[in-house]
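Report on the following structure.
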2 protein chains.
Amino acid sequence: MIPRDWRPRYLQLAEELRAQIVSGKLVQGAAMPSETELAESSGLSRTSVRNAIRQLREWGLVRAEQGRGTYVRAPRQRIRRHNTERYQWEKDRALLDEGQRRKTGGTEHDTGLTVDDLKFHAEYAQVPADDDMANAFDLPTGTLLLRRLYWTSSRHESAPLSVSYSYLPYDLVAANPELLDAENEPWPGGTQHQLFTVGVELARIVDEVRARPPSPDEAELLDIEPGVSVLALRKTSIDITDRVVEVADIVFPGDRTELVYTTDLKRWTT
Amino acid sequence: MIPRDWRPRYLQLAEELRAQIVSGKLVQGAAMPSETELAESSGLSRTSVRNAIRQLREWGLVRAEQGRGTYVRAPRQRIRRHNTERYQWEKDRALLDEGQRRKTGGTEHDTGLTVDDLKFHAEYAQVPADDDMANAFDLPTGTLLLRRLYWTSSRHESAPLSVSYSYLPYDLVAANPELLDAENEPWPGGTQHQLFTVGVELARIVDEVRARPPSPDEAELLDIEPGVSVLALRKTSIDITDRVVEVADIVFPGDRTELVYTTDLKRWTT
DNA sequence: GAGTGGTCTAGACCACTGT
DNA sequence: CAGTGGTCTAGACCACTCC
């Protein structure tokens, strides 16, 4: 006797379609049948079909585009970001000469892509610190900050791998006017070398990691479907005088990013 | 002239309700009006009301219970888990005598709660390694593992703060039969002391952090609504002979957990 | 203009919870 | 039992895209 399937029918449909996608029957980039077609072929109402498709979107398997159709997503470029090693590597690199610094950046480190595969975007602005930033920097609310918006995307994929807002105290970086101009990005050697030019050496970096739903803006920028969360990283850089010198809010698409941290433990001395 | 509100009406309703919740007009724990009531009072169909409520659930603001009603969620116990410091602290603690080890555990460290506020659950099983685990341990598929399921919850909140599957090579821990019995949990001094009793000293711990939608089981255990992601942490412990001795998959509710990592940087020696 | 996904309606039956 | 949320139907109109 065949056991009856008591799951809701829209879920059954969602799982049938999922099976077709993972098995390759529906190839990546291909258009799915329209909702009306699916309703007819499955014998369900369009409402139920839409419920099924909502599932598939939350699973990150399909992308729906208003007026065009629903498409099977390509499996995306995944990033593994080894932050512990990355930060030390960036610090070491800040002392190299320009030629060596120019050779490679942090993102290539993570993705295995070369500089030529990547498109880089930077945008600078001067903003007063809101309460949150003032608190993060331990400076008065309203203190002038340099806000830098970055994103980097692969040439093969339009959506960026991450979007990052980096904040620096304006007075700190104004000592080197070149740091105020977005035209100088991508800066060889990155932020740690930029800080080096104004006499700052980092002592430690604190990463706070959360998962949360994307804002509408973030969902569009990162090209993720509603229901897919983002990894939100707040990175706080502290220099050797115990002063917070940079705060960065970095947002990654949750479905293709992995953050890796290594903790080295001190030896027992028994 | 008042600008017309072009957003969908279900979203407008969702935001009205959100405003009532954050302003405290709808107090935490209180029942929301039923869907039928909301439909009447808002002049929308029940379908649209349900769309609005789905939004509120994804925002983590309300909980819907089949047959009972929809309730405003209490703001939840948040955890900030300082893993870098925690792991070193656990290592140091493993060398203390039992009385001192018994005093406190790792979870209190994170939450500020005392031992008495916490309920602890442990469940042991022997399982053969699947491909994933075999790969993580660098052992043949099918190797016998000890699988330990843990969860800890606050007495004031039924849902656990995290759910953790910890895997150990069975042969390794079998050297101390006490380690095979879940009755000995919570073990004073935790896993690092358990490993100490079989002669293992950890050299480093690698954490891999992702965000993903919860499995149905996880959603129920952690009491999160569909659409709220979990933070999934794979923690790999490596001993001083470079052998993987523990792999733990730990799942946190994304809407109330923050993982914190500190990277100490080496001084420049210019 | 034809076809797509997004919104919306007015019903219906069901499983589940409380009394 | 009545009331709740979960599923489902058979329609409708809209904004959008592409031809």
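Just so you know, these numbers come straight off a predicted model, no measurement behind them. Values below: all heavy atoms of this structure, side chains included; hydrogens, waters and symmetry mates excluded.
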* Asked: Hey, does B:Arg9 reach any base, or is it just sugar-phosphate, or nothing, if we go heavy atoms under 4.0 Å?
  -> sugar-phosphate
* To do: May I have the step-by-step check of salt bridge (charged side-chain N to carboxylate O under 4.0 Å, His left out) for A:Glu208 and B:Arg80, ending in yes or no?
  => CA-CA 9 Å; A:Glu208 296 162 86; B:Arg80 263 172 79 91; 2.7 Å; yes
Rounded to the nearest Å, what distance is computed from the [atom1] atom of residue [X] to the [atom2] atom of nucleotide [N]?
| X | N | atom1 | atom2 | answer |
| --- | --- | --- | --- | --- |
| A:Arg54 | D:dG6 | CZ | P | 11 Å |
| B:Arg50 | D:dC8 | CZ | P | 11 Å |
| B:Leu11 | C:dC8 | CG | P | 8 Å |
| B:Asn51 | C:dT9 | CG | C1' | 12 Å |
| A:Gln66 | D:dC13 | CD | C1' | 13 Å |
| A:Arg68 | C:dA2 | CZ | P | 21 Å |
| A:Glu225 | C:dG5 | CD | C1' | 12 Å |

* Any idea how B:Tyr150 and B:Tyr124 line up, ring-wise: parallel (<30°), tilted (30 to 60°), or perpendicular (>60°)? -> perpendicular
* **Any donor-acceptor N or O pair under 3.5 Å, side chains A:Arg81, A:Ser162** => no
* Between A:Tyr261 and A:Asn83: side-chain donor-acceptor atoms closer than 3.5 Å -> yes
* Can we say A:Asp255 and A:Arg73 salt-bridge, meaning some charged N sits less than 4.0 Å from an Asp/Glu carboxylate O? -> no
* Nearest-nucleotide wise, let me know which of B:Thr70 and A:Tyr10 is further upstream toward the 5' end of DNA chain D. => B:Thr70
* Between B:Gly67 and A:Val49, which is nearer to the 5' end of DNA chain D once each is assigned its nearest nucleotide? -> B:Gly67
* By a strict heavy-atom criterion of less than 4.0 Å, which residues belonging to residues 32-48 of chain B are in contact with DNA chain C? -> B:Gly43, B:Leu44, B:Ser45, B:Arg46, B:Thr47, B:Ser48
* Any B:Arg57 side-chain N or O less than 4.0 Å from OP1/OP2 of D:dG6 -> yes
